[in-house]
Structure formats: C-alpha cells, structure tokens
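Whatever order the structure lists ligands and atoms in, that order sets their numbers, starting from 1.
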Amino acid sequence: MADTIRTTCPYCGVGCGVVAQSGDDGWSVRGDPDHPANFGRLCVKGAALAETIGLEGRLLHPEWGGKPVAWDAALDMVADKFSAAVAEHGPDSVAFYVSGQLLTEDYYVANKLMKGFIGSGNIDTNSRLCMSSTVAGHVRAFGSDTVPGCYEDIEQADLVVLVGSNAAWCHPVIFQRLLAEKTRRPELRIVVVDPRRTATAECADLHLALRPGSDAILFNGLLAHLKGEEAEVECGVPLDQIVTFFSWFAETEKTVTLWSQGINQSSSGTDKVDAIINCHLQTGRIGRPGMGPFSLTGQPNAMGGREVGGLANMLAAHMGFDEASIDRVGRFWDSPRVATKPGLKAVDLFKAVKDGRIKALWVMATNPAVSLPEADLVRDAMAACDFVVLSDCEADTDSARLAHLRLPALAWGEKDGTVTNSERRISRQRPFLAPPGEAKPDWWIMSQVARRMGFGAAFAYESAADIFAEHCRLTAFENGGSRDLDLGGLIGVDYEALAPIQWPVRRPGEGTARMFGNGRFYHPDGKARMIAVEPRRPAAVADEALPLILNTGRSRDQWHTMTRTGRSPRLAAHAPEPVLSIHPADAIRFGLTDNGLARLGGRRASAVLRVALDAGLRRGEVFAPIHWTDRTASGAVVGMLIDAAVDPYSGQPELKHAPVMVEPYAAGWHGVMLSRSPVELPRDFYWSKAAGKSHSIWRIAGAEGQDWPVTARDWLGGDGEWIEFLDPNRGHYRAARLVDGRLEGVLFIFRWATDFSPDWVAAAFGRAAIAGDERATLVAGAPPGGDRGSDKTVCACFSVGLAAIRTAIRDNGLTSAAQVGALLKAGTNCGSCVPEIRAILAEERAEKVA
Ligand SMILES: Nc1nc2c(c(=O)[nH]1)N[C@H]1C(S)=C(S)[C@@H](COP(=O)(O)OP(=O)(O)OC[C@H]3O[C@@H](n4cnc5c(=O)[nH]c(N)nc54)[C@H](O)[C@@H]3O)O[C@H]1N2
Ligand SMILES: Nc1nc2c(c(=O)[nH]1)N[C@H]1C(S)=C(S)[C@@H](COP(=O)(O)OP(=O)(O)OC[C@H]3O[C@@H](n4cnc5c(=O)[nH]c(N)nc54)[C@H](O)[C@@H]3O)O[C@H]1N2
Ligand code: SF4
Ligand SMILES: [Mo]
C-alpha cells in the first residue's frame with residue numbers, strides 16, 4: 001500500500017480531509033490542506049486518529065455465543081434465520097438497525113436488501129436519534145431533504161446564529177473557521193441560543209440562555225417581528241436580549257442559522273426546525289452567499305444514509321413511498337417485492353422487538369443498548385429477541401453482549417467507500433491499513449447474506465466502486481430535475497481518484513454549492529411552504545420526586561460510546577470521568593460538593609457521576625455526557641434515565657429533557673487503580689475507566705470497606721511481587737504489583753475524596769523495570785517532592801493544564817487567548833480549547849475585580 005493516503009475523518013459531519021502517512025514510527029495523520037471542508041485543519045479528535053488504530057479490543061472473527069465460527073457458517077446462519085422468519089411470519093417480522101457511521105455503499109446495500117428484496121420498510125438508523133427532525137422539517141418546507149447552503153456561507157455571513165449547537169466542541173473545525181473570520185471581521189456577529197453557557201456561547205456576542213424546549217416560541221416571535229407584528233416572547237430570556245437578537249436578525253441580510261441536537265432531539269423537533277426555516281423563507285435569505293438555514297449533521301455519514309434511504313420512512317435516493325417511486329425503484333432494482341410502506345422507526349422498532357413482533361434483528365455500527373432512550377428496556381428487548389446479529393469493529397460493547405452472533409467489520413483506515421458531510425460534499429474514505437483478522441467490509445457481509453437468501457443476481461458486487469456506480473445511476477434514473485439528489489454526473493467517474501464534490505452533480509465535474517437560489521423548490525408547484533408552528537412544551541415535566549431536568553450531550557474529546565476515542569490517552573485527559581454539571585446553588589440545595597459523587601435517578605434506573613459545579617447552567621437543570629457505557633463506568637448510561645417521548649412527524653426522541661432526582665453518593669473510601677491487563681470490576685460501587693499509554697486507569701469509590709489486600713489480588717492478579725502499605729486507622733491502602741521488575745498494577749485507597757492525579761505513577765508503567773529506590777515512592781502515596789501533580793488538562797495537543805494557564809495569566813497579566821498561546825502553545829494547534837482558555841481568562845478577570 002502507498003505510504004501517503006488521502007481519506008476523510010470518521011467522526012463528525014464536518015467531514016475533514018485527512019492525510020495518513022506512514023513513517024518510521026508507524027502511521028501519522030494530518031489535515032488535508034486541499035480538502036475544502038477543513039483546508040488542513042483538524043480538531044483534537046481528528047489529530048489523535050493515529051492513536052486509535054491499534055487492534056486491541058477489536059472483533060477479528062465471527063463469533064457465535066462468544067466462540068469463533070467460520071464465515072460460511074455465520075453467513076448461512078443469518079440467511080437461514082432471516083429467511084425462516086420471513087417465510088413463517090412475513091417480511092415485517094425482521095429488521096435492520098443501522099448507522100450514520102456506515103459508508104454510503106454499505107448503507108445502500110442494507111437498504112436495498114431490506115426494502116428491495118426482503119420487502120419490508122423495517123430498516124431504521126441511529127440518524128433517527130440525530131437528524132430525523134431536520135429531514136422531516138426540510139421535506140415539509142422544501143418538498144425535499146435538502147441542505148441549502150455550504151460552509152463558505154458561514155464565513156460570508158454578517159450574522160451567525162447557533163441554535164442548540166455546541167459547535168465549538170461538536171463541529172470544531174467549522175467553529176474554527178467561524179472564529180477565524182470573526183478575528184478578521186470583528187463586526188461579524190455570533191448569537192448562541194442554548195440553555196447552557198457552553199464553550200460555543202463563550203465566544204458569542206449574545207447568548208440567549210432560553211428555557212429548554214422553548215425555541216419555537218423564540219423563532220415564532222422572530223417571525224412575527226419580521227412581519228411587523230407584535231409578539232410576546234416568553235422563553236426565559238430577558239426582554240432586552242430578545243430585542244437585540246430580533247433587531248440584529250431583521251437588519252442583517254447575510255444571516256446563517258446553524259442548528260443541531262438542541263433543536264432536533266425534541267418531541268416537537270420538526271416544528272422547531274420549521275420555525276427556524278420560516279424566518280429564512282420570510283426574508284428570502286436562502287440559497288444565496290452568506291445566508292441560509294443550515295443543519296449541522298452529526299455523524300460522518302448522516303447525510304449519505306439519508307441519500308440512500310436508510311430511514312424507515314424513505315424508500316431510496318431521496319424518494320418516498322408514493323406509487324410512482326415504488327414502481328420506479330422496483331424497475332431499477334428489478335425486484336417485484338419492493339416495500340410499499342414505511343417501516344418502524346427506531347423507538348417503535350425496539351418496542352416491536354420487545355413484544356416479539358420482530359423475530360430477527362441485525363444491528364450494524366451502532367450501540368442501541370446505550371444510545372437509545374429507555375436504554376434499559378432496549379436491553380430487555382434485545383435479550384428477549386429470538387435472533388440478534390450485530391456487526392461491529394469492537395469485540396465488547398454493551399450491545400454486542402446482547403447479540404447471539406457477532407460479525408467483524410472493517411474499521412476506519414481499513415474500509416473503502418464514500419461519506420457525505422453537512423454541506424452535501426461527497427468525499428472518499430480510503431483504506432491505508434490491511435484488513436485485520438477475518439474482518440470484512442459491511443457491504444460484503446450483507447451481499448453474502450443476500451446471495452444466500454436467494455437474491456444473488458442483485459448483489460453481485462465485487463467492490464465498493466460497483467455499489468457507488470449503481471447508487472449514482474439510481475439517483476439519476478428518471479430524474480430529469482424532479483429530485484434534488486442527482487449524481488448522474490458521477491456515473492463512470494474514476495472512483496479511486498474521486499475528489500470531494502457537492503451534490504447534486506448533474507454533469508461531470510459540476511458540483512453544486514447552493515440550492516434554491518433560483519427560488520425553485522421541490523413541492524409540485526415549485527414553491528416552498530411556510531409551516532404554521534404551535535409551540536409545544538417538552539413531553540415530561542419536573543415534579544417533586546424528579547425535580548431537576550437532565551440535559552445530555554457531548555464532551556469535547558470523546559466520540560459517542562468511546563469505542564474509538566476511548567483508546568487515546570490524550571483524548572481521555574480532558575474529561576477522564578463521567579461528569580454531572582450542576583449549578584452551584586442547586587448543588588447546595590441537594591447537598592452535593594464539587595468533585596464529589598452524585599447519584600442521578602430517573603424513573604427506573606440511576607447513574608453515579610462525578611460532580612462539577614458550573615454556573616453556566618440554569619438553575620433546575622443538570623447536564624451529563626452520553627459517552628460512558630457499562631464497559632467504561634459502573635453505571636453512567638444516561639439513556640436509561642430518559643423516557644422515549646418522540647416527535648409525531650419524525651419519531652425523533654426527546655433526549656435533551658428528562659426529569660431526574662439527584663442526591664449525594666456517600667462514599668467511605670476513594671481510590672485509583674492502574675492496570676496493564678483488563679480488569680472487570682463489580683458494579684456495586686462507583687468506578688470509571690480511562691485509557692493510559694500502556695494501561696487503563698480506574699477512579700473508584702464506595703461505601704462498604706473491604707479487605708484491601710485480598711481485593712487487590714482479586715482485581716490485579718495474585719502472582720508476582722507485591723509492595724504494600726496498609727494504614728487501617730486512616731483507611732489508607734497502597735499496593736503495587738510487579739512481574740519481573742515491571743509494574744503490572746497499582747491500587748491506592750484513601751479515606752477522603754482526593755483529586756489525586758495518577759500521572760506520576762502512569763509514567764512508571766512506561767518503564768521496563770522499576771528501580772529499587774522508586775519502589776518505595778510508588779506506595780508512598782505521593783511522588784518524590786510531594787507534588788501530586790493534580791491538574792485538569794485543557795489543551796490536549798500540548799498537554800497544558802489548568803494550573804499552568806492560570807499561573808501564566810496571573811504572572812504575566814495576559815488578557816487574550818492569543819497571548820496564552822504565544823506563551824504556552826496552548827490552543828495553537830487544533831484550537832479546540834480556545835473557548836475554555838477564554839473562559840479561564842474571564843474567570844481570572846472576575847476574580848481580580850472581586
Ligand atoms: N466531541 C464530539 N463531537 C461530536 C460528537 C461526539 O460524540 N463528540 N458527535 C457528533 C454527533 S453524531 C452529533 S449529532 C453532533 C451533536 O452536536 P451538538 O448538537 O452541537 O451537541 P450536543 O452536545 O448533543 O447538544 C448541543 C446543545 O444543545 C443544547 N440544548 C439542550 N436543550 C436545548 C433546547 O431546548 N434548546 C436549545 N436551543 N438548545 C438546547 C445543549 O445544552 C447542548 O449544548 O456532534 C457531533 N460531534
Ligand atoms: N441521551 C442521549 N442519547 C443520545 C444522544 C444524546 O445527545 N443524548 N445523541 C444521539 C445521537 S445524535 C447519535 S448519532 C447516537 C450515537 O450512538 P451510537 O451509534 O450508538 O454510538 P457509537 O458509539 O457511535 O456506536 C457506533 C458503533 O459502531 C461501530 N462501528 C464504527 N464504524 C463501523 C463500521 O464501519 N462498521 C460497523 N459494522 N461498525 C462500526 C463502533 O465500534 C461502535 O460500536 O446517540 C444518540 N443518543
Ligand atoms: S471537526 Fe474534528 S471530528 Fe469533525 S471531521 Fe474535522 S477533524 Fe474530524
Ligand atoms: Mo448524531
């Protein structure tokens with residue numbers, strides 16, 4: 001294989017180009033300077049990609065009941081089980097649950113197999129949890145699921161409004177492009193609409209910390225204002241801020257409104273999307289440079305999935321279930337059995353699994369046992385299903401544990417295909433690593449099953465390129481300008497060399513930056529629709545038993561259930577534990593302390609999280625990240641606390657608004673454990689696990705005391721040489737286990753919560769042997785010199801901590817993030833931490849005044 005490969009980042013929907021290069025130390029990655037999404041930039045997650053390509057923990061062989069089986073047997077079994085269920089109970093007794101992390105080619109095959117040949121609409125995707133309200137909102141307004149604009153619009157705008165989007169963390173390179181433009185043109189205004197003061201809000205000219213769920217009231221009010229009507233806007237925002245926002249919006253022609261999950265993940269998400277789009281239609285600000293409504297997509301291929309018809313309510317290639325489309329797709333696929341009605345949407349699909357209507361379920365590239373609302377009930381459903389097959393790159397995920405059959409899929413760096421980013425730009429993901437073990441491309445696995453189910457002729461693909469060509473032909477088939485998605489100009493293209501291009505591509509080499517600039521939309525009359533929106537409150541309300549509202553979302557340096565980012569020590573440093581952010585006044589009210597532990601309770605389940613006081617939250621609301629699973633924490637799956645209220649049009653669940661209770665988690669002991677080998681800890685006390693360089697780090701705490709020397713051997717292994725220190729009076733225990741002089745594990749237990757940082761012990765794990773004098777310091781409980789090295793990483797690229805930044809600001813009187821960067825390098829590489837550096841500067845300023 002070549003030693004320099006151009007490919008695309010597998011994380012967020014920005015879709016950055018990546019150059020992978022092999023050198024003496026293995027593969028390294030850098031931003032692709034020629035890719036139009038990022039022009040060479042990468043955020044910290046993209047920059048750390050090379051740290052995530054190791055094979056540890058990968059699923060490398062098909063497994064039945066935990067034991068390896070041959071591919072042939074595994075594929076036969078899937079085909080037999082699905083065929084038998086269809087024969088006995090009909091096509092709607094089977095289902096696929098897929099993902100925006102599949103490549104377009106994989107997705108196309110999944111959709112064709114289910115909707116075209118099994119003949120059921122029962123294929124849905126995790127994009128249901130992510131983008132489906134935007135899809136429904138687009139279709140209602142435009143007659144098609146079309147993102148009108150492009151990234152350049154964000155730089156050309158004079159006003160950028162971010163609604164329910166923490167782009168500084170979730171779409172960092174787009175946000176960097178916006179901030180760079182703001183530096184060039186300080187008159188460019190940024191407004192952030194988010195109940196929380198996020199890193200994004202930190203960089204805004206105006207932050208509207210509205211009451212959660214009240215966005216439709218705000219945008220209805222704005223629409224009335226734009227029409228010259230009087231409007232009362234009660235959404236928890238002071239009137240002067242509303243007036244400022246409305247007048248900025250009214251007076252600024254070049255306005256882009258970006259939104260993401262704060263809008264979509266709502267029981268009225270579709271209405272909220274249309275309430276935003278209404279304001280752009282009213283002012284004609286759409287499809288022209290520097291303006292437009294712009295949904296930021298989450299996953300690397302959320303858009304590609306929508307394009308092939310991966311959502312249960314779409315058929316294929318942006319066609320729905322109307323008679324003409326069913327007929328057209330049937331003729332194109334040469335199948336008499338094309339599904340004639342939409343299938344079950346994700347939440348309903350898993351309800352059907354639970355009550356036995358679905359007899360065979362295939363989960364691909366997603367972790368529903370964690371990411372769906374009512375995740376506990378989803379687990380029950382999977383456990384009760386007759387046959388669950390799961391394709392993943394990882395061997396051990398919460399969902400994989402519930403599957404009968406596990407199939408090993410190729411991962412990023414190995415797989416080959418295309419993805420589409422938020423601005424409709426199709427880019428290639430190219431392989432630079434050999435397929436490990438027996439792992440296979442997802443499209444291959446499904447095509448093999450299709451052949452065994454008797455559909456061989458329609459699935460005779462030899463490569464991803466074959467599938468892409470067929471997909472392009474379908475988008476162009478009997479199109480004639482009637483459908484937005486048209487890849488006719490890519491038919492016959494050199495797939496290997498395919499350069500990033502924005503669809504529609506009607507003629508070779510001609511991409512499309514903007515849609516609708518000519519005023520033509522895809523409703524039959526060619527016009528767009530303004531949708532009358534009646535604001536609705538979130539489905540669930542706080543009460544005496546569950547007095548707080550839980551908001552959930554993302555941390556800066558982790559991706560979803562951490563299967564990839566969790567491998568990188570650099571990425572773990574920013575937030576090594578699952579954290580509950582709470583307003584200081586609420587913390588006092590519920591008896592919580594900063595850095596202590598809290599039990600967060602919902603109706604059926606609870607979670608234990610580390611407390612972080614955050615005055616940027618509204619009172620009565622708490623925030624928790626979605627990343628921790630049963631593999632990485634004792635109990636921090638927030639999806640179990642959230643009821644599955646869904647939007648009536650899109651079926652998207654309300655993942656940002658769940659009533660919860662909170663109480664202190666009283667711990668009698670606290671500790672840290674480091675181990676080179678995997679340890680499976682019990683779940684009757686708190687623990688969370690993070691990656692170290694050659695080991696894992698567990699933070700632990702519990703109520704009941706233990707016989708520590710016994711417990712330590714139980715967890716870390718009995719043999720080898722032990723160095724121990726036990727002080728029963730003070731409740732202290734410290735132990736290190738060495739094998740052949742090399743450190744294998746350490747366990748430190750304290751009586752009191754401590755912000756002990758394991759960095760200095762971690763360094764010892766890197767050494768081949770521990771010298772005599774160092775052995776004593778290992779269990780002394782503090783590194784030589786007594787500096788426990790406790791600090792929070794702010795800049796992951798250059799490992800710069802909070803303390804160093806504070807000191808530099810104080811000692812040198814620094815006033816800008818640029819000055820901090822000049823002195824410490826922090827924030828000068830990927831820039832992801834610049835918003836945090838600004839927040840630290842603001843805190844230091846406030847302290848000086850006070
Ligand atoms: N670091 C990182 N980046 C990611 C991902 C990741 O896992 N990690 N995942 C990717 C994916 S798949 C997605 S979908 C995107 C998501 O990207 P975002 O949507 O930007 O991220 P979230 O943190 O889910 O939520 C955004 C914000 O919505 C706010 N919010 C909650 N309720 C409301 C409300 O009622 N109104 C408004 N206006 N705001 C509200 C939350 O406070 C939060 O700050 O991120 C992508 N990028
Ligand atoms: N409470 C709450 N819940 C949420 C959200 C929220 O904001 N709050 N956000 C929702 C959103 S927007 C999203 S997108 C979802 C994400 O939730 P999930 O999709 O469940 O999360 P991931 O960890 O991305 O799961 C992807 C899995 O696919 C595997 N994988 C990666 N690439 C491939 C591949 O090419 N082939 C195969 N076969 N497997 C692969 C990975 O190893 C991983 O196990 O979570 C949703 N859930
Ligand atoms: S912004 Fe970061 S995570 Fe998103 S595509 Fe670019 S490098 Fe990847
Ligand atoms: Mo997402």
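- When only non-hydrogen protein atoms are considered, atom 33 (C) of ligand 2 lies nearest to Cys393 SG, 3.5 Å.
- A heavy-atom separation below 4.0 Å is found between Arg554 and ligand 2.
- The protein non-hydrogen atom at the shortest distance from atom 8 (N) of ligand 2 is Thr552 OG1, 2.9 Å.
- Proximity of Trp559 to ligand 2 is established by a heavy-atom distance of less than 4.0 Å.
- Coordination check, Cys43 versus atom 2 (Fe) of ligand 3: passed, since an N/O/S atom of the residue sits under 2.8 Å.
- Those atoms of ligand 2 with a heavy atom of Thr561 less than 4.0 angstrom away are 21 (O), 22 (P), 23 (O).
- Protein heavy atom closest to atom 47 (N) of ligand 2, with residue, atom name and distance, is Ser371 O, 2.7 Å.
- Nearest protein heavy-atom contact of atom 5 (C) of ligand 2 is Gln265 NE2, 3.4 Å.
- The closest approach between Ile626 and ligand 2 falls below 4.0 Å for a heavy atom of the residue.
- Counting only heavy atoms from C-beta outward, the side chains of Leu113 and Phe96 approach each other to under 4.5 Å.
- With a 4.0 Å heavy-atom cut-off, ligand 3 is reached by the side chain of Cys9 but not by its N, CA, C or O.
- Ring pair His404/Phe387 is parallel by interplanar angle, where below 30° counts as parallel and above 60° as perpendicular.
- Atom 4 (Fe) of ligand 3 has as its closest protein heavy atom Cys12 SG, 2.3 Å.
- Residue-ligand proximity: Asn38 is placed with every non-hydrogen atom at 4.0 Å or more from ligand 3.
- In this structure the side chain of Asn551 never reaches within 4.5 angstrom of the side chain of Glu621, judged on heavy atoms.
- Proximity of Met382 to Val378: side-chain heavy atoms (C-beta onward) are separated by under 4.5 Å at one or more points.
- Between Leu179 and Cys203, the closest side-chain pair of non-hydrogen atoms falls below 4.5 Å.
- Within ligand 3, counting atoms from 1 as listed, the ones closer than 4.0 Å to a heavy atom of Lys45 are 3 (S).
- At least one side-chain heavy atom of Trp362 sits less than 4.5 Å from a side-chain heavy atom of Val449.
- With respect to Arg631 and Asp398, a salt bridge is recorded, a charged nitrogen being found less than 4.0 Å from a carboxylate O.
- Between Phe294 and Tyr151, the angle of the ring planes stays under 30°, which puts this pair in the parallel group of the 30/60° scheme.
- Within the 4.0 Å heavy-atom cutoff, Leu103 does not count among the residues contacting ligand 2.
- Close to ligand 2: Lys656, with a non-hydrogen atom less than 4.0 angstrom away.
- With a 4.0 Å heavy-atom cut-off, ligand 2 is reached by the backbone of Leu410 but not by any atom from C-beta on.
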